[in-house]
There are 2 protein chains.
Amino acid sequence: MTKSKTPPKSLSPEKDGDTEQKILDAAHAVFLRQGTAGARMQEIADEAGVNKALLHYYFRSKDRLAEAVFRKVAVQLLPPVAMVLASGMTLEEKVARVVEIELGELSRSPFLPGYLISELNHNPERAHQLVTVVLGERPENLRPKVFEVLRGQIEDAVRAGRMVAIEPEQFVINLISLCIFPFAARPMIKVIAGVDEAGFAVIIARRREELVPFFLRALRP
Amino acid sequence: MTKSKTPPKSLSPEKDGDTEQKILDAAHAVFLRQGTAGARMQEIADEAGVNKALLHYYFRSKDRLAEAVFRKVAVQLLPPVAMVLASGMTLEEKVARVVEIELGELSRSPFLPGYLISELNHNPERAHQLVTVVLGERPENLRPKVFEVLRGQIEDAVRAGRMVAIEPEQFVINLISLCIFPFAARPMIKVIAGVDEAGFAVIIARRREELVPFFLRALRP
DNA sequence: GTCTATATTAGGATAGAC
DNA sequence: GTCTATCCTAATATAGAC
């Protein structure tokens, strides 16, 4: 399905493992650092260790390459969270899992949130791409699922007097805001808190311990 | 101070009010929509209703123009919050004021958070610009102030048994994350929650009521 | 100060040899 | 499949008239 759109593989002298993959990885690195508009095909070629013309051979245009990278990134970030939220775990477990997944993933990919945010802000059409990646080809069927599951769990907890009432949308927005924003705003936070890269890591480590209790306290009645 | 860097004002036929300002406003609009790398000088000229050459006359290069816009944006967004946090208000009042300022400001400038985030992620040098804007020319002197004021207030509240212990940095990060992220991620949220622009406005209106109580609950012991 | 016209480079894309 | 060489448009920037 992703292979079928690339040029026909001939039986010619293939140099090494997979060039297409090397290009995609290089594009991933460069697009995330520079942003899509700021990235240069030449730089991607250099990073991949191949000729510029090859990028076009495999991906036809910068735009298609950007689309491929975006899809890859979206798949990496969102579905894990969506699956947790729609699962049968308790709300407390879900919060803990989401925090764990996000802070872990993003510690390894510092540019990811900033990239995703700029890309979505400047290319409205990417949004539709997103939804199919996260929710499959028929979003209408699956989207309500996540929120309805949450709504049910919240209502039960409220009735049991264990939780204050909250819209499932706000629940999710609050949770992912607290997880993702610090990474998106990392350069700003470093400068405002007056810390370097190591200091930022300390702040995140601290967050790993305290974010879940913080969030759960906010849900108590 | 901002005027002194622009070309010398001659006494020639000045058409209308202030061309420099018109250009800056146009650049503001275009850079925020398109991102700095994606923006085109021609588009800015069109939006300002002047010739492309004039942009260079007033701002010498695209890069300098971008810098001017960035500074303007940073000034608009951060100092109000910094002042509230460093003020003599109670913690509860501060939380309420910050939420009010941010949600109000950002409802009017939807592209602002995304712009700021991409800009900072792709241009590390912008970070230093930020700090001088927010904290003045001698950041070492003022930066601790904000956090020390907060630390004192938090410690008092903790001793009084009114609040759980929390680092002032985490306090601030949590607060601005909850305020800003939903706007930065607006296209994503719209698509995931399955709402249009009006639906998004409803979500924000809801937040305006519930975010402060949510945050304060999280601080209770 | 503002315009028209033009220089100049950068960067995406293709042709064609191997 | 991969390279070299080249094309061509778009985009920043400047010169010079008014």
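Naming convention: chains lettered A, B, ... in sequence-line order (proteins, then strands); numbering from 1 in each chain.
- Electrostatic pairing of R207(B) and E167(A) does not count as a salt bridge here, judged by no charged N lying under 4.0 Å from a carboxylate O.
- Side-chain contact check for F181(A) versus I173(B): every heavy-atom pair is 4.5 Å or farther apart.
- No side-chain donor-acceptor contact under 3.5 Å links Q170(A) and E210(B).
- F171(B) has its ring centre no less than 6.0 Å from the ring centre of F214(A).
- One atom, CD1 of I23(B), and another, C1' of dG1(C), lie 10 Å apart when rounded to the nearest Å.
- A side-chain donor-acceptor contact under 3.5 Å links K94(A) to the backbone of L85(A).
- Atom P of nucleotide dT4(D) and atom CG of L54(A) are separated by 10 Å, given to the nearest angstrom.
- Distance L65(A) CG to dG12(C) P: 11 Å, rounded to the nearest Å.
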For this session: Could you run through nucleotides 12-18 of chain D and give me one letter per nucleotide, 5' to 3': B if any protein heavy atom sits under 4.0 Å from the base, S if only the sugar-phosphate is that close, - if neither?
Result: BBBB---
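- Between L55(A) atom CG and dT14(C) atom P there is a gap of 13 Å when expressed in whole angstrom units.
- Contact of the K72(B) side chain with the D25(B) side chain is registered, since non-hydrogen atoms from C-beta on lie closer than 4.5 Å.
- Following rounding to the nearest Å, Q34(A) (CD) and dG11(C) (P) show an atom-to-atom distance of 11 Å.
- As rounded to whole Å, 13 Å separates atom P of dG1(D) from atom NZ of K22(A).
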